[in-house]
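Structure record follows, encoded as structure tokens.
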Amino acid sequence: MSCERVFQPRLEGRPVVILSNNDGCLISRSAEAKALGLQMGYPYFQVKLLLEQHKVAVFSSNYALYGDMSRRVMWYLSQVAPAVEIYSVDEAFLDLHGLERFLVDSLDTFARTVRANVLARTGIPTCVGVAPTKTLAKLANRLAKKSPEMGGVCYLDTEECRRWALEQVAVEDVWGIGRQYVQKLYAAGITTAAGLAACSEAFARKHLGRVVGARLVRELQGFPCQGLAPSEDGTLSRRSLCCSRTFGKPLTEFPDIVGAVSAFTSRVAEKLRRQGDAAHLMTVFLSKSRYGLEPPPYSCSAVLTLPVATNNTMELVRFARAALKRLWQPGHRYTKAGVIFDGLEPAGQTQLTLFEAGPVSEKRNKLMAELDALNHRFGKGTVKLASLILPSGQLQAPWEGQAQWRTPQYTTRLEDLLMVG
DNA sequence: TCTGGGGTCCTAGGACCC
DNA sequence: TCTGGGGTCCTAGGACCC
């Protein structure tokens with residue numbers, strides 16, 4: 001939502017919502033939209049009338065824009081802190097250990113400067129929580145977000161401060177406490193973060209997921225249990241990669257679904273090569289609507305252990321197609337499909353057998369490198385598998401969905417550059 | 001009836017996160 | 001009619017190894 005406001009300042013002060021893929025659900029909301037009672041994850045069609053009544057600005061999601069804006073923010077953060085862990089598209093942990101010695105002012109002032117600079121350089125408003133542990137930093141960040149008088153920064157520097165903060169936050173808003181745990185905590189009479197911080201290790205182990213729960217409680221008490229995992233050169237490297245989509249409309253025909261799964265596989269293969277990995281485990285899944293009259297199971301999946309870890313699009317698409325053959329059944333209305341790669345390892349690590357090594361695989365790697373280079377230079381999809389090319393006259397693949405209100409790729413597409421004046 | 005001790009790898013499932 | 005798309009970590013159990 002903030003990204004859209006940067007390029008459309010007239011949205012300032014107005015209720016704005018961003019929709020998920022296929023214009024399905026609300027996934028980002030301005031403060032004004034939240035005030036109208038619009039909740040995260042609501043299906044769009046259920047709140048359509050409310051949105052119209054209150055003249056809420058509605059946008060399809062524009063991941064190219066959000067990803068690029070995120071990259072800019074993260075790059076700046078990596079310049080000001082000794083180590084940065086990119087936690088998600090819109091969150092990062094900064095390691096401030098030892099930084100105070102080099103500062104003229106306090107960490108509080110430092111945080112305010114960083115925040116002001118992020119805003120000045122990218123237009124993105126942020127909040128900062130500073131504390132001895134990740135869990136407390138998240139909690140502090142939440143307080144900063146909820147209390148405008150704090151000016152976007154909350155620094156838990158003293159024991160009194162920490163205790164006060166724990167009293168302010170409901171237990172369901174603590175990082176790591178989800179739906180299931182909240183019920184158990186309420187049943188035990190624990191309703192605030194302070195209550196949680198005071199519970200015994202035995203209780204935490206028993207009811208909050210063993211070691212995870214024990215760590216959570218310790219972190220609330222101010223003892224770090226989670227180190228920072230620095231994101232090297234400002235990028236996120238993942239242990240598993242996935243691409244899945246809900247189709248624009250239910251699909252029944254095998255060729256349509258193979259087309260979708262091939263496209264998804266191509267995308268994940270690109271991600272795989274970008275982070276320099278190869279996968280040796282692939283899961284393909286196929287889902288049906290869980291909202292209609294049909295009974296479960298709603299989803300089926302096939303797991304393939306690949307003979308050799310690979311990141312080659314053509315090989316992976318072949319495997320995906322084989323997996324899909326085992327899953328697809330005629331007469332079913334499929335609404336979603338996806339591909340997941342696990343068991344990632346640095347590309348080229350696996351010892352190839354005498355027969356697999358050599359000129360053939362060398363050539364294939366080169367081909368993928370060329371493909372990535374061309375797509376990087378001339379734009380996504382410039383070079384792709386022939387099977388992904390649409391028949392002439394067809395603008396959209398059958399699986400592609402709605403994106404009725406997509407804004408331009410202001411920062412990543414030359415044709416979409418904002419014109420001023 | 002008794003029948004070790006130490007590992008690894010894989011899978012499924014459950015909880016959580018943004 | 002229309003209901004998102006990514007991830008993480010942990011645990012338990014089974015197969016298999018020496």
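Each chain gets a letter, A, B and so on, in the order its sequence line appears, and its residues count up from 1. For the numbers below, each heavy atom of this structure counts, side chains included, while hydrogens, waters and symmetry mates do not.
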| said: For A:F254 together with A:W328, are the ring centres under 6.0 Å from each other? | reply: yes

| field | Distance-minimising heavy-atom pair for A:P132 and A:P224 | value | O-CG, 3.7 Å

| request: Remember a base hit wins even if backbone is also touched, and classify A:I177 as base, sugar-phosphate or nothing at under 4.0 Å, heavy atoms. | output: sugar-phosphate

| task | Remember a base hit wins even if backbone is also touched, and classify A:T305 as base, sugar-phosphate or nothing at under 4.0 Å, heavy atoms. | result | sugar-phosphate

| field | CA sep, side-chain torsions, deciding dist, call: A:D68, A:T412, side-chain hydrogen bond (donor to acceptor under 3.5 Å, both in side chains) | value | CA-CA 7 Å; A:D68 186 60; A:T412 54; 6.0 Å; no

| query | What about the rings of A:Y334 and A:W399, do their centers lie closer together than 6.0 Å? | reply | no

| remark: Footprint ends on DNA chain C, 5' to 3', for atoms under 4.0 angstrom from a heavy atom of chain A, come out as C:dC2 to C:dT11

| A:W405 and A:Y44 aromatic centres sub-6.0 Å | yes

| query | Is any side-chain N of the basic residue among A:E201 and A:R205 closer than 4.0 Å to the acidic one's carboxylate O? | reply | yes

| task | May I ask you to say what A:Y44 touches in the nucleic acid, namely base, sugar-phosphate or nothing, with a heavy-atom cut-off under 4.0 Å? | result | nothing

| On a whole-Å scale, what distance lies between the C1' atoms belonging to C:dG4 and B:dC17? | 15 Å

| field | Strand DNA chain B in bracket notation, Watson-Crick/G-U under 3.5 Å with | for pairs to another chain | value | ....||||||||||||||

| query | What nucleic acid atoms does A:V89 come within less than 4.0 Å of, heavy atoms only: base, sugar-phosphate, or nothing? | reply | nothing

